[in-house]
Each structure stands twice: as structure tokens, then as C-alpha cells.
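So you know, we letter chains A, B, ... as the sequences are listed, proteins then strands, and number each from 1.
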Amino acid sequence: MIDKNTISESYNEKQREAIAFSGKHLLLLAGAGTGKTKTIVGRAEYLINQGYRPEKIQILTFTKRAASEIVERVKAGISDQDVRSLNGSTFHSWCNQLIIKFPNLFGAANYTVIDPDDQLSIMKMACGAASEDYGKTRLKPQQLLDLFSFARNTRINLTETLRKLLFKGKDDLQTTEDINALKPQVELLIKEYQSQKLRQQYLDYDDLLLVVANRLNKDAEAREILAKAYDHILIDEMQDTNPLQWYLLKPFENICHLFCVGDDAQSIYSFRGADFKNVHLFQERVANSEIKVLDKNYRSTQEILDLSNWLLETSPINYNKRLTASRGAGKQPTIVNVANQFEEANYIANHILESFSEGGNSFTDFLILSRSQYYTRPLQAVFLQKKIPYQTFGGRKFLEAAHIKDLVSVLRVINNPMDEIAWIRFFTFIHGIGAVRATSYMSEVMRIEPENVHGLDLTSIIPGKEGIKAKSYYDAAYQNRGNVKMAIKDLYKTMEFDLAMKYSKDWYEKRKGDFPVLEILSENYATLGEFISEGILDNSANVAGSNTLGGSKINTAELKDHVTISTVHSAKGLEADVCFVLNVSPKTYPSAYSLGNIEEVEEDRRVLYVALTRAKNDLIITRSKESINAYHHQTDKDEDDTSDSAYFLEGLPEHLALQTSPKSFTAPVTDAKKANTIDLDLGMDFS
DNA sequence: TTTAGTCACGTTTTT
DNA sequence: CGTGACTAAA
């Protein structure tokens with residue numbers, strides 16, 4: 001379809017300039033809805049049409065979902081070439097692939113990637129091993145991990161990390177003294193954590209990036225090898241990259257071309273070390289680079305943008321941004337004042353069902369955004385009750401669910417017999433074995449010579465019926481170790497009864513159906529090791545309350561019609577006809593946690609901005625009456641409260657939004673006819 | 001001494 | 001919903 005040397009008419013002038021950019025490196029500042037993803041897709045297509053090999057183009061995004069969307073779209077646009085080898089992934093997944101692809105270069109190919117739960121277990125072990133120092137700190141293992149991760153991601157030293165995270169950035173004599181007193185213990189515990197990890201051959205998320213980045217920054221030979229592997233790197237959401245990711249990208253400045261796309265007004269990851277000001281320093285940091293801008297919005301109506309623009313303009317920070325709608329005027333945004341979460345949920349459910357009876361809509365037209373995952377629970381309950389199909393984004397991941405981890409722990413010990421956490425999880429799963437005995441059995445396993453560990457007879461370690469049980473699990477997986485899917489299938493058959501017992505409360509409702517999904521998921525992986533590592537890094541599948549299946553690898557082909565419920569953070573890049581933004585109340589926007597800290601308040605503002613700019617035609621904001629009243633009440637009294645003007649919608653000009661309350665919905669709600677035809681049974685069509 | 005089971009509690013945001 | 005503290009039972 002696409003002529004090799006011209007770019008499709010569907011792009012505007014500026015998009016085309018970016019797509020055909022012929023300099024070395026580019027930063028494209030693209031506001032919300034200005035065709036950011038489309039332009040990345042266009043760039044990838046253009047490069048392939050120019051003759052660059054698809055496997056030498058790497059697309060980097062923040063979420064797996066965004067990555068696969070871009071790759072799918074490129075593949076759909078190019079028919080006559082082999083674009084299967086085009087690779088799109090998250091920073092973490094990409095580093096993991098590099099580590100596996102170049103085993104000699106990074107020397108960590110046999111390591112197991114661990115998730116945050118495992119990190120916590122290891123940090124607990126480390127604190128146990130160095131209990132004297134741990135006792136002096138009064139810090140929890142999770143806090144220690146947060147400190148360490150923040151330091152590594154921002155690449156600032158421990159003293160300053162402690163100051164920022166524990167002492168709110170205070171820089172006085174007393175604080176410095178406190179820090180100096182605390183630092184040696186923290187340092188020691190982190191060292192212990194590091195050595196535990198190394199001994200058990202684990203890589204945590206930060207390690208993945210650091211292993212690759214360190215090597216490339218220090219070793220010219222490594223850079224040469226990768227220079228042969230890559231021509232172009234296309235990076236999405238550049239404003240969210242943190243110093244560690246910059247450190248990873250820096251060597252590529254001389255290896256290949258960088259095409260970076262971002263929007264400073266949508267930077268919402270500072271808690272992970274990202275700094276939106278970084279995009280402003282792009283040209284100073286990257287030699288031979290240029291900046292281009294996209295500012296024409298194709299997504300929303302002008303009314304929606306007026307409200308969004310107003311939000312940014314009331315900020316003390318100058319974002320220098322004013323989006324204009326190429327689509328023109330439409331419907332005014334609505335603010336609905338609700339009494340409580342239940343009314344809010346019902347209002348939304350009824351609104352969706354009503355627009356159904358009027359015809360023309362499908363569930364996919366609706367997107368519901370929340371500040372936190374937690375807040376959407378009542379909504380999910382109402383949706384289940386009214387049989388509205390929905391999918392959630394954000395929240396606990398599929399492979400982090402307890403019942404899945406139980407099964408995967410057996411696969412993990414076969415894949416990496418040094419994996420102490422997995423051994424302990426495996427052993428404690430067996431009824432009658434608790435933490436104490438599990439730990440002692442695990443130590444016995446560790447004493448076995450490495451060459452004899454594979455395929456060992458567990459009854460020689462664990463006596464009685466527990467030993468027989470352990471052996472039966474182990475063997476079921478071990479006999480199928482060459483075939484991931486078979487291993488899961490057999491292992492599940494062996495474990496099913498015990499799993500059902502352990503999770504008897506919600507086994508049939510929530511858990512059972514996940515195992516067929518796990519089997520399907522595993523089909524994409526050739527080896528146990530790949531399944532475990534990549535699976536852990538795959539954020540796209542989640543379980544929490546979903547009544548459809550998550551996972552880009554499972555069902556991109558047969559997407560069902562469903563409403564999307566998402567946290568704002570997970571919604572970047574999403575858009576929808578009708579968009580609900582939940583609970584835009586004081587103490588949420590900005591969050592009570594952020595009050596008093598200007599930078600955090602401004603980040604919350606950007607969170608709201610991202611939420612508002614998802615809507616194409618209809619933007620509906622809900623907020624709780626009580627919190628508004630309480631807010632006014634409180635601020636009337638506290639004259640000197642510095643936060644009295646903090647609430648983002650305070651002082652909103654009347655013409656920008658229409659205020660209403662939910663009309664009473666006493667009539668029994670009739671479910672949409674369409675809704676009834678949708679099968680809510682989990683995992684049903686995968687047998 | 002070890003394990004299993006119950007209850008209350010508190011939850012930003014993500015790889 | 002998952003964690004942590006506590007109790008009862010093995």
C-alpha cells in the first residue's frame with residue numbers, strides 16, 4: 001500500500017517531518033492526542049521501507065501493552081516484507097533479552113529474574129542474616145528495598161537518598177547527623193541483600209538494566225557488538241525515563257540513531273526517579289540531536305482540551321502548552337457530584353447501560369480512570385452484578401497471584417536449583433511443612449553437589465508422606481522439563497487437589513480458571529527459563545477482578561467487547577469515546593500524601609491532565625459531595641492552611657464544565673441485552 | 001517447637 | 001486481598 005519513498009497522506013506536515021527525520025538523534029515533543037503512537041508506527045514503517053532490517057530496529061516503551069500495540073500496527077501496515085523480527089519491548093524485557101542473547105557478554109544468562117515479592121523475601125533473609133544491624137535501623141525490609149531502588153534508579157548516593165526519602169529533603173545539621181548514624185547499617189544490609197542475590201543467581205528489575213548498562217558503558221568491545229545489532233532505537237514516553245535508563249541509553253548515542261518521543265506535561269513517574277525536566281536537557285545531553293514539536297490534537301473536542309489546558313495554566317509551572325482541537329467543538333465536560341462510592345458506581349453503570357439501549361455504542365467505547373487500583377473495587381462489584389463486562393489494567397499481575405506462584409515455584413527450582421525462595425515456597429505449600437522445616441530442607445538441598453541436584457529424589461530429604469508429595473510434584477514437572485506447556489499441565493493435575501484445598505474460599509470463583517490461562521501463556525516460550533523470566537516481566541496480564549482475559553499474547557486476535565477500568569498510570573496511550581474520571585475530589589487531586597510538597601502536587605496535576613486528555617467526545621468527572629463540602633468547611637476555618645487553594649478544581653470557571661448530580665435511579669435496572677450474551681466464565685474457551 | 005487457622009487492618013502510582 | 005499478630009492444636 002505504502003509507496004517506498006513517500007509517506008502516507010494520513011500524516012500531517014509535522015508528523016511527516018519527524019517520520020522522515022534524517023539527522024542523527026531526534027526528540028519529538030508530542031502533546032496528548034497529537035498522534036504520538038501513530039508517528040512512532042510511521043517511523044518504524046518508514047525505516048523498514050528505507051531498507052533497514054526490522055531486527056535491527058528496537059522499539060522501547062514503558063508497558064508491554066504499548067510495545068505490542070506499536071509492533072502490531074507496523075506489521076498490519078507492511079505486507080510484503082518480513083517484519084516478524086521487529087522487536088518492541090519494555091526497557092526491562094529488552095535488557096533481559098540482551099542478557100540471554102549475548103550470554104558471554106553479560107555473564108548472567110542462567111540467572112532467574114525475580115519480582116518484588118521475591119525481592120522482599122530476600123531482603124528479609126538479609127535482615128535476618130545481619131540481625132544486629134537490622135535491629136538498629138528501625139526500617140522495614142520493604143523500606144530498605146525502596147531506598148536501594150530509588151538510589152539506583154536516580155543514580156544518587158545513599159546519603160542523599162536517605163535525606164530525600166526519609167527526611168523530606170531537609171538539609172540541616174540534625175538531619176545530617178541522623179543520616180550519618182543510619183547510613184552504615186543501611187549500607188551493610190544492602191550489601192547483604194546483594195550477596196544473597198548473587199549467591200542464588202537472581203536478578204531484580206534494577207539489576208537487569210544495570211547489568212547491561214554497566215557493561216556497555218565500561219567496555220568498548222561490548223559496544224561494538226551491539227553496534228552491529230542495532231541501527232535505530234525508537235523510545236516512547238521519553239519524559240518518564242529516569243537517570244538509570246538514560247545511563248543505559250547513553251552508550252547507544254554512538255551506536256545507532258535515537259528517536260525519542262515524549263511530553264513533559266504527562267510525566268507521572270517521579271516516584272520511580274523520572275524527572276520531567278530531563279526532556280528539556282535533551283539537546284545538551286545528546287550530541288547531534290534535534291527537537292521537533294507536535295501540537296495539533298486529533299483526539300478530543302475543544303471543550304475537553306479547554307478544561308485540560310485550564311488545568312495546566314493554573315499551575316505555577318509553565319508547561320508552555322496549549323492544545324488545539326483539529327476536530328473542533330463538541331460536548332461540554334460534565335462534573336457529577338455523588339454522595340458516595342456506591343452512588344458513583346451505579347451512576348456510571350447506568351450511564352453505560354442507558355447509552356446501550358439508545359444504541360450505537362459498544363462497551364469498548366468506555367474508559368474508566370482511577371487514581372488508585374484500590375478505589376475501583378466497588379465499581380467492579382457493581383459491574384459484576386449488572387453483568388457489564390470489563391477488563392482491568394494495573395493491579396496485581398497474573399504471575400504474582402499466590403496460587404500461580406505456588407505452581408511456578410516448582411518450575412523455578414527445576415530451572416534454577418539455587419533458587420532458595422522457590423524451594424521454600426514449594427516446600428511450605430505442602431500441608432504439614434511450615435517455614436521452619438522448609439528452610440532446613442532447603443539448606444539440605446543447597447548442600448548437594450550441583451551436578452547431582454537435577455532430578456534429585458526428594459524423599460531422601462523429606463521423610464513421610466510430605467516427602468512423597470514433594471516428589472510427586474517435582475517429578476511431574478521434571479519429566480516434562482523440555483516442554484513448558486506439558487510441564488504445567490502435568491504439574492497442575494498433580495497439584496490441583498491441594499491447590500483447591502488451600503484456596504477453598506475462592507477456588508471456583510477466582511482461581512481455578514487461571515491455570516488454563518497459564519498453559520496458553522506458556523505456549524509462547526521455548527524453555528522454562530524464558531517462561532519464568534519473560535513471564536515475570538510481562539505486565540499485560542492481570543487477574544484482579546477481571547472477568548475477561550488479560551494478556552496481549554493470549555487474545556489480541558479475539559478481543560471481546562468490554563469496558564476498560566484502569567489506573568491513570570496504566571492508561572497512558574489509551575483513549576476512548578466516553579471517559580469517566582473517578583473521584584476528582586480534594587485530598588485525591590492532589591492526593592493528601594502530596595500536600596505540602598510542590599513537586600508532588602504538580603505531579604498529581606499531571607496525573608489528572610493525563611486522565612482528562614484520554615477522552616475523545618465525552619468527559620465525565622465524578623467527585624464526592626461530602627469531600628467538597630468538608631473541604632469548604634475546613635478551609636473556611638483554617639485561614640492559614642497553605643493547602644487551601646490546592647484542590648485542582650477549585651476556582652474552575654463555570655463555562656468549562658456542567659455540574660450535575662445523579663438522577664435518582666429507582667427503577668430496577670434492566671441489563672443490556674447485549675451484556676447477557678457475554679460469557680463471564682473465566683477461561684472457558686481455552687480447553 | 002512447629003504449624004494451621006482466624007481475625008482485624010490498611011491499602012498511590014509501576015517495571 | 002494480602003499481611004501480621006494471635007491462639008489452638010499437633
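The aromatic ring of A:Phe271 does not sit over the base of B:dT14; the criterion of centres under 5.5 Å apart with planes under 30° is not met.
For the residue pair A:Asp264 and A:Gln239, no side-chain donor N or O sits within less than 3.5 Å of a side-chain acceptor on the partner.
The interatomic distance linking A:Tyr441 (OH) with B:dT3 (P) rounds to 8 Å, in whole Å. The CZ atom of A:Phe276 sits 22 Å away from the P atom of B:dT13 (whole-angstrom rounding). The CG-C1' distance, from A:Asp514 to C:dC1, rounds to 14 Å in whole Å. Note: CD (A:Gln142) to C1' (C:dG4) measures 15 Å, nearest angstrom. Taking atom CZ of residue A:Arg437 and atom C1' of nucleotide C:dA10, one finds them 12 Å apart after rounding to whole Å. Atom pair A:His431:NE2 and C:dA10:C1' shows a separation of 10 Å (rounding to whole Å applied). B:dT1 atom P lies 21 Å from atom CD1 of A:Ile433, rounded to whole Å. Rounded to a whole Å, the OH atom of A:Tyr269 is 16 Å from the P atom of B:dT12.
If A:Val436 and A:His92 are placed on DNA chain B by their nearest nucleotide, the residue sitting closer to the 5' end is A:Val436. For A:Ser93 and A:Thr428, each mapped to the nucleotide of DNA chain B holding its nearest heavy atom, the one lying further toward the 5' end belongs to A:Thr428.
Residue A:Ser591 is out of contact with every strand shown, counting any heavy-atom pair closer than 4.0 Å. Residue contacts shown for A:Arg511 are limited to sugar-phosphate atoms, with no base heavy atom under 4.0 Å away. When heavy atoms are screened at a 4.0 angstrom cut-off, A:Phe91 is found touching no nucleic acid atom at all.
A:Cys95 and A:Leu209 make their closest contact through SG-CA, 3.9 Å (heavy atoms, listed as atom of the first residue, atom of the second, distance).
Between A:Ser570 and B:dT14, a side-chain N or O to OP1/OP2 separation shorter than 4.0 Å is present. Under 4.0 angstrom from either OP1 or OP2 of B:dT14 there lies at least one side-chain N or O belonging to A:Thr567.
Salt-bridge annotation for A:Lys197 and A:Asp118: absent, with no side-chain N of the basic residue lying under 4.0 Å from a carboxylate O of the acidic one. Salt bridge present: A:Arg152 and A:Asp204 bring a charged side-chain N and a carboxylate O closer than 4.0 Å.
One donor-acceptor pair, N or O on each side, does fall under 3.5 Å between the base of B:dT12 and the side chain of A:Arg371.
For A:Lys124, taking side-chain heavy atoms from C-beta onward, the closest of the listed nucleotides B:dT13, C:dC1, C:dG4 is C:dG4.
Ring to ring, A:Trp94 and A:Phe252 are close: their centroids are under 6.0 angstrom apart.
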